[in-house]
Amino acid sequence: MTKFSDLDLDPKVLKAIAEAGYESPTPIQAGAIPHALQGKDVLGIAQTGTGKTASFTLPMITRLAKGRARARMPRSLVLCPTRELAAQVAENFDTYTKHMKLTKALLIGGVSFKEQEQLIDRGVDVLIATPGRLLDHFERGKLLLTGVQIMVVDEADRMLDMGFIPDIERIFSLTPFTRQTLFFSATMAPEIERITNTFLSNPERIEVARQATTGENIQQQVVMYKASRKDREGSEKRRILRQIIDMEGDSLTNAIVFCNRKTDVDVTAKSLKKYGYDAAPIHGDLDQSQRTRTLDGFRDGSLKILVASDVAARGLDVPSVSHVFNFDVPSHSEDYVHRIGRTGRAGRNGKAVMICVPRDEKNLADIEKLVEKEIPRLELPGVKSPAPAAAAPAAAPEDEAPKPARSRSRTRSRKPKEETTEAAAPEAQAEAPAEVKDAKAEEKPKAAERKPREPRKSESKPKAKAEEPARDNQRDNARDSQRDQGNKPSRGNNNARGGKRGGGNDNKVVGMGDHMPSFIALSFDQRRAS
DNA sequence: AAAAAAC
């Protein structure tokens, strides 16, 4: 099957598809649509840019074409992690239902309840929502989910990152178990696997190759930079950012600048504006109307540079961005792939440039491991890159004083002081060689951070925190498992029972200990193989 | 250490 017309979609849907200019389904669409049309559960492993959204909207519309909604009882439900994503899905429905009379409501936070309520009251075929607002409506008694025939969970792994999984489970439990479930995730973290085992029944598993971890059509570069003084890091990075932007000249048609923190998004956007760049911020603390306005402007080309937090890293459909700038190195390496995936879409060429300060070098190494290549260093005129940090800072012994005098004296002799204000604490700042500084900087956090992870005495991996189901653990767990690719059993399910409380039985094998039955790793192996 | 999502 290579054409949409070969799929058993409603003729009115096919018409809308043709009018939107599409002829052939993407792999995820070709894989998912036939099963979804038959009413089967679908587990789609795919990321954005693969045509995922239409792979559930098209069959849903077709199946909902018959029948009508009753008041307060939506017939279908789509859950998304962010408001923008939900809005995007809603647009997608509009596009493909334009020849039909299906009704929909978009339930997201940041906007008034009233309109949403009125729509629900009248009865909707499709409800598109973020979990918080959906549950809010439910608790107010305005909504019944017992009529849901089709439920979609989009970007489940992101929901996991955001701590939404309990909400999702609750929402699942409010819908009839006879519903059809279409479930999408970019990765299959153990927690996601657990959810799908619980709530999907005999799903068709459709997996599309992740877009080449980072497409070859994206040119990547990183600027290694060490601030002249710590308190100048921000302003100096912004100067470098301008320098990078200027270098791109006319090849830069539009760009996203990613920062790790919301405050840096604001500061950076303001700074760019001050220097005459056409830039605007977007992050979760801005009000919804501004978020929408900014994003619309960016889409229609009236805004050139979008300065964003990770709210924009995944899922947002911004057709073609010529450049992505990582003002900060993302601390979760998966995010790097998502961020730069905003450029070089649909086979176009894109460029992604990142600024890396010494503190972020470990994260950079993680990223390079993930994308399986070294990101070329970009030397900027007038910007000297710092000496490469010690190869493995993590290996630095924690209790030995990081060596010393030798490096310092070297420093001193090499670099005459420029910063008069530094006089008070000469060694601490200034141009200390990266090795020494790093070792120092890492000292404290490392000690605190590493202890719990370090295997004690025996090789078995004690799960010190096994018993607490806290959200943070879930997250750590998800991250670890992504990194380790399933080398250890998922804590939540398997180990907790082993019950290692406090110390005492450190030598005991906990839960499944080191041995992991091969079937548990299977899905990951499959993924790796592809 | 932070981001996102409900009021």
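Proteins get letters first, then strands, A, B, ... in listed order; numbering begins at 1 in each.
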Would one find a side-chain N or O of A:Arg291 under 4.0 angstrom from OP1 or OP2 of B:dA5?
-> yes
CD of A:Glu334 versus P of B:dA4: gap in Å, rounded?
-> 19 Å
Salt bridge check: are A:Glu233 and A:Arg238 linked by an N-O gap of less than 4.0 Å?
-> no
Using side chain to side chain donor-acceptor pair (under 3.5 Å) as the criterion, list what pairs up with A:Glu139, not counting sequence neighbours.
-> A:Arg170
Answer with base, sugar-phosphate or nothing: what part of the nucleic acid does A:Pro131 contact at a heavy-atom distance below 4.0 Å?
-> nothing
Return the value, rounded to whole Å, for the distance between atom CG of A:Asp264 and atom C1' of B:dA3.
-> 13 Å
Length of the line joining A:Leu106:CG and B:dA5:P, which is rounded to integer Å | 13 Å
Round to a whole Å and report the spacing from CG of A:Asp310 to C1' of B:dA5.
-> 15 Å
With a non-hydrogen cut-off below 4.0 angstrom, is A:Asp136 in contact with a base, only sugar-phosphate, or nothing?
-> base
Indicate yes or no: does A:Asp328 engage A:Lys237 in a salt bridge with an N to O separation below 4.0 Å.
-> yes
Any A:Thr130 side-chain N or O less than 4.0 Å from OP1/OP2 of B:dA6 = yes
Indicate whether OP1 or OP2 belonging to B:dA4 is found under 4.0 Å from a side-chain N or O atom of A:Ser309.
-> yes
To the side chain of A:His283, which of B:dA4, B:dA2, B:dA6 is closest?
-> B:dA4
Could you state the CG-P distance from A:Asp287 to B:dA6, rounded to the nearest angstrom?
-> 14 Å
Round to the nearest Å and state the distance from A:Asn260 atom CG to B:dA4 atom P.
-> 11 Å
Give the rounded distance in Å between these two atoms: CZ of A:Arg339 and P of B:dA2.
-> 14 Å
Taking atom CD of A:Gln243 as the centre, does the number of heavy atoms from other residues, nucleotides or ligands within less than 6.0 Å exceed 12?
-> yes
Distance in angstrom units between A:His332 NE2 and B:dA4 C1', rounded = 15 Å
Quick one: which of B:dA4, B:dA6, B:dA3 gets closest to the side chain of A:Arg261?
-> B:dA3
Side chains of A:Gln288 and A:Arg83: is there a donor and an acceptor less than 3.5 Å apart?
-> yes
So what does A:Arg140 hit on the nucleic acid, given a heavy-atom distance under 4.0 Å: a base, only sugar-phosphate, or nothing?
-> nothing
